[in-house]
Number of protein chains: 2
Amino acid sequence: MLRVSRLTDYATVVMTCIAAHPADVLSTAQIADEAHLELPTVSKLLKTLGHAGLVESFRGVNGGYRLARDAHDISLAQIVEAMEGPIGMTECSVAEGQCEREARCNVRGSWRQVNSVLSGALRSVSLADMLPAASVAVPERPAAS
Amino acid sequence: MLRVSRLTDYATVVMTCIAAHPADVLSTAQIADEAHLELPTVSKLLKTLGHAGLVESFRGVNGGYRLARDAHDISLAQIVEAMEGPIGMTECSVAEGQCEREARCNVRGSWRQVNSVLSGALRSVSLADMLPAASVAVPERPAAS
DNA sequence: TCAAATCAGTACCATTTTGGTCTGGTATCG
DNA sequence: CGATACCAGACCAAAATGGTACTGATTTGA
């Protein structure tokens with residue numbers, strides 16, 4: 001079915017949740033609640049996203065996560081690569097020497113061409129583009145504490 | 001990492017092998033030999049490709065397979081769809097109502113956008129384009145650099 | 001008409017990937 | 001010091017994937 005893994009999909013949702021509160025440090029529990037995902041799952045996602053340098057973490061009481069840089073400077077491609085590694089539609093798009101047909105393979109060039117179109121599309125979408133347009137105004141749910 | 005299944009990759013190889021002999025009916029054994037793949041695997045591929053109407057089969061002695069239409073009229077997208085079903089990068093790109101977030105999901109639109117770019121790229125490559133350059137003059141070669 | 005060649009369909013199994021949970025550890029704040 | 005909250009890793013169950021085997025149906029040709 002040619003799709004990204006479910007975790008990658010979740011990662012985009014989690015990232016938009018964090019991006020919707022640019023000023024705050026959100027705990028994993030808050031993010032899980034907002035994204036409607038299980039807490040351990042969100043925890044694992046954030047760990048991976050942190051390793052990739054897309055979010056930064058703060059430990060201890062009142063700790064949590066925050067975007068590592070502005071939402072305009074984070075692309076969908078970076079999120080996908082953080083979760084799944086280098087983008088490649090076939091084995092041989094990513095690394096050389098995977099199959100012995102490589103030298104005389106007619107198919108490989110076409111796949112690489114499709115691949116570059118895809119990664120271009122992923123690079124062209126930023127996290128800011130994925131936010132609801134309304135978020136420039138007041139969010140629908142003001143933090144009732 | 002965001003790739004088509006290995007069988008889909010094999011399917012493109014098998015299709016180019018068949019396309020390289022436009023006049024002949026090739027047996028599964030011949031195709032397997034030429035593609036350097038196992039015979040039962042090729043058999044399964046061809047059955048699926050046949051159901052999708054991309055190749056036609058002939059039974060009995062001297063039977064085998066042949067392209068159902070000209071190589072220029074078969075796109076990479078059709079091969080992928082034959083093997084993997086509708087092209088969609090996320091669950092919700094393909095069908096509605098998969099997740100309860102759908103109504104207010106900010107992420108979905110961006111995925112659908114990426115998706116349409118990808119399927120456009122797959123549609124733009126024909127089986128004829130994937131053959132060795134001998135018999136085909138590639139119309140446009142967008143310089144990928 | 002019989003036998004060989006060849007595709008058709010189904011069922012099955014082994015491996016890998018994926019998604020998710022749990023446990024213990026460490027840092028920070030009050 | 002202790003409560004909170006992130007960190008790291010192992011671990012497990014379920015699903016998808018790739019491959020194999022077996023049986024049946026159809027056509028050709030001797």
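Sequence lines set the chain letters: A, B, ... in the order given, protein chains first and strands last, and positions in each chain run from 1.
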Side chain of Leu7(B) only, please: which of dC7(D), dT18(C), dG19(D) is the nearest? dG19(D)
What pair of heavy atoms forms the shortest contact from Ala32(B) to Leu39(B), and how long is it? CB-CA, 3.9 Å
Rounding to a whole Å, what distance do you find between Leu37(B):CG and dG19(D):C1'? 12 Å
For a quick test of reading the model, state the closest non-hydrogen atom pair linking Cys17(B) to Leu26(B) and the distance between them. O-CD1, 4.3 Å
For His21(B) and Glu34(B), test the side chains for any donor-to-acceptor distance below 3.5 angstrom and give the result as yes or no. yes
Going by the rule side-chain hydrogen bond (donor to acceptor under 3.5 Å, both in side chains), which residues pair with Glu81(A) if we only count those two or more places apart in sequence or in a different chain? none
Over all atoms of both residues, closest heavy-atom pair of Leu49(A) and Ala82(A): CD2-CB, 4.3 Å
Value in whole Å for how far the C1' atom of dT17(D) lies from OH of Tyr10(B): 11 Å
Please write out the pairs of protein N or O atoms and N or O atoms of nucleotides 25-27 of chain D separated by less than 3.5 Å, giving the distance to one decimal.
unit_1: dA25(D); atom_1: N3; unit_2: Arg59(B); atom_2: NH2; d: 3.2

Taking the side chain as every heavy atom from C-beta outward, state whether Leu118(A) and Val117(B) have any atom pair closer than 4.5 Å. no
Measure the shortest side-chain to side-chain distance between Leu7(A) and Thr41(A) over non-hydrogen atoms and say whether it is less than 4.5 angstrom. yes
Give the rounded distance in Å between these two atoms: CD of Glu56(B) and C1' of dT6(C). 16 Å
Enumerate, atom names and distances included, each donor-acceptor pair closer than 3.5 Å involving a side-chain atom of residues 59-67 of chain B, sequence neighbours excluded.
unit_1: Arg66(B); atom_1: NE; unit_2: Glu56(B); atom_2: OE2; d: 3.4
unit_1: Arg66(B); atom_1: NH2; unit_2: Glu56(B); atom_2: OE2; d: 2.7

State whether Tyr65(B) places a side-chain N or O below 4.0 Å from either non-bridging phosphate oxygen (OP1 or OP2) of dA8(C). yes
Are any of the side-chain heavy atoms of Thr90(B) and Arg3(A) separated by less than 4.5 Å? no
NE2/His72(A): more than 12 non-hydrogen atoms of other groups inside 6.0 Å: no
Interatomic distance where CG belongs to Leu39(B) and C1' belongs to dG18(D) [whole Å]: 16 Å
Base, sugar-phosphate alone, or nothing: which one does Gly50(B) contact when heavy atoms must sit under 4.0 Å apart? nothing
Note: Ala35(B) and Val13(B) closest approach over all heavy atoms is CB-CG1, 4.1 Å
Report yes if the side chains of Leu54(A) and Arg69(A) come closer than 4.5 Å at any heavy-atom pair, otherwise no. yes
Using a cut-off of less than 4.0 Å, is there contact between a side-chain N or O of Ser57(A) and OP1 or OP2 of dC7(D)? yes
Proximity to the side chain of Thr41(A) - top-ranked nucleotide from dC7(D), dC7(C), dT21(C): dT21(C)
d(CZ, Arg66(B); P, dT6(C)) in whole Å: 17 Å
Can you tell me how far P of dG20(C) sits from CE of Met83(A), to the nearest Å? 11 Å
Give the angle between the helix axes at the two ends of the helix from dT1(C)-dA30(D) to dG30(C)-dC1(D), taking five base pairs at each end and rounding to 10°. 10°
Take Val55(A) and Met15(A), measure what side-chain contact (heavy atoms from CB on, under 4.5 Å) needs, and give me the verdict at the end. CA-CA 9 Å; Val55(A) 297; Met15(A) 288 295 282; 3.7 Å; yes
Rounded interatomic separation in angstrom, taking CD from Glu84(A) and C1' from dT17(C): 12 Å
Take atom CG of Leu45(A) and atom P of dC6(D), then tell me their distance rounded to the nearest Å. 14 Å
Neighbours of DNA chain C within residues 14-29 of chain B, by heavy-atom distance under 4.0 Å: Ser27(B), Thr28(B)
I'd like to check Val42(A) versus Leu46(A) (side-chain heavy atoms, cut-off strictly below 4.5 Å). Are they in contact? yes
Report all interatomic pairs (protein N or O, nucleotide N or O of nucleotides 9-14 of chain D) with separations under 3.5 Å.
unit_1: dG9(D); atom_1: N7; unit_2: Lys47(A); atom_2: NZ; d: 3.4

Ranking dC7(C), dG19(C), dG18(D) by distance to the side chain of Arg6(B), first place goes to dG18(D)
